[in-house]
> 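For reference, the structure I am asking about is given below.
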Amino acid sequence: MTKRLDRDFYSRDVLDVAPELLGKRLVRIGEDGGISSYLITETEAYRGMEDLACHASRGRTPRTKVMFGEGGYLYMYLIYGMYWMMNVVTGAEGVPQAVLFRGLREASGPGRLTRLIGLDGSFYGEDLVNSERIWIESNGPAPSYTAGPRVGIDYAGLPWKDMPWRFLMDL
DNA sequence: AACACGATTTCG
DNA sequence: GAAATCGTGTTT
């Protein structure tokens, strides 16, 4: 049986949510109404204002404001002028956290992932709990996983660049 | 108004 | 190893 993840799932700490998203199914309803679903295989956690790798650590701006709201909403942003990154907000309202989706079984890499399933800035603020075009479903038993340092954030410095907040589903 | 840069990917 | 490419935040 499968069921859509609810507000309570996303409202917990990002360090609980990010690894638990592994093995779950990302469901996408296309422009033509067709259903596609993808197995989530890699995620990363960005945790609050103190985490210097988290965009919200520089404060609340038009771009980061969704992260300060309640969990379950998408935080989309463009990187290097060409790739949209997909994140889902987690934690309680007022606590800026988000999970970056880095890989699906069908596409490895955050930029390739959004290109595959057709996501862009128009999905900023989309609610995965109520959206008609994208959501996540629980699916079978939780897979084992491996944690390691996050990618591309060395600029954040210690201890943040070494925190093992990247989660990869084991094969 | 101008500038610097990034949670990446691709090609050589 | 380096280019591509532009929204966002910061500085002038």
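Residue numbers begin at 1 in each chain, while the letters A, B, ... track the order of the sequences.
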> Less than 4.5 Å apart, side chain to side chain, heavy atoms only: is that true for A/Val27 and A/Thr2?
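With C-beta onward as the side chain, the pair stays apart.
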
> Check every strand shown and say whether A/Arg115 touches a base, only sugar-phosphate, or nothing at a heavy-atom separation below 4.0 Å.
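Sugar-phosphate: the residue A/Arg115, judged by heavy atoms under 4.0 Å, touches backbone atoms but no base.
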
> May I have the distance from A/Arg166 (atom CZ) to B/dT8 (atom C1'), rounded to whole angstrom?
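One finds 13 Å between C1' of B/dT8 and CZ of A/Arg166, rounded.
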
> B/dA7 P sits how many Å from A/Arg112 CZ, rounded?
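My rounded result for the distance is 18 Å.
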
> What pairs with A/Glu132 under side chain to side chain contact (heavy atoms under 4.5 Å, CB included), at least two apart in sequence or on another chain?
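Side chain to side chain contact (heavy atoms under 4.5 Å, CB included) check on A/Glu132 returns nothing, list empty.
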
> I need the CG-P distance between A/Asp154 and B/dT8, as an integer number of Å.
11 Å

> Please give me every residue in residues 46-81 of chain A whose heavy atoms get under 4.0 Å of an atom in DNA chain C, ordered by residue number.
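Within this stretch, A/Thr61, A/Pro62, A/Arg63, A/Leu78, A/Tyr80, A/Gly81 sit under 4.0 Å of the strand.
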
> Using both distances under 3.5 Å as the test, list the Watson-Crick or G-U wobble partner of C/dT11, or none.
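Pair assignment: C/dT11 / B/dA1.
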
> Below 4.0 angstrom, N of the basic side chain to O of the carboxylate: do A/Arg150 and A/Glu44 qualify?
no

> What is the distance, to the nearest angstrom, from the CG atom on A/Leu113 to the C1' atom on B/dA7?
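Those two atoms, CG and C1', are 13 Å apart.
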
> Roughly how many Å is it from CG in A/Leu116 to P in B/dT8, rounded to a whole number?
18 Å

> Report the distance from atom CZ of A/Arg150 to atom P of B/dG6, rounded to the nearest whole Å.
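After rounding, the reported distance stands at 15 Å.
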
> So do the side chains of A/Phe9 and A/Ile136 get within less than 4.5 Å of each other, counting heavy atoms only?
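Answer no - side chains too far apart.
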
> Which part of the nucleic acid, if any, lies within reach of A/Met82 when heavy atoms closer than 4.0 Å are counted: base, sugar-phosphate only, or nothing?
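Base contact.
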
> Pairing check on C/dT5: which nucleotide meets the Watson-Crick or G-U wobble criteria with it, both distances under 3.5 Å?
none

> Less than 4.5 Å apart, any side-chain heavy atom of A/Tyr124 and any of A/Lys65?
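Yes. Closest side-chain heavy atoms under 4.5 Å.
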
> Measure the CZ-CE distance between A/Arg60 and A/Met67 for me, rounded to the nearest 0.5 Å.
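It is 11.0 Å, given to the nearest 0.5 Å.
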
> Provide, to the nearest angstrom, the distance between the OH atom belonging to A/Tyr83 and the P atom belonging to C/dA4.
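Computing the A/Tyr83:OH to C/dA4:P distance gives 13 Å.
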
> Check whether any side-chain heavy atom of A/Tyr145 sits under 4.5 Å from a side-chain heavy atom of A/Thr43, and report yes or no.
no

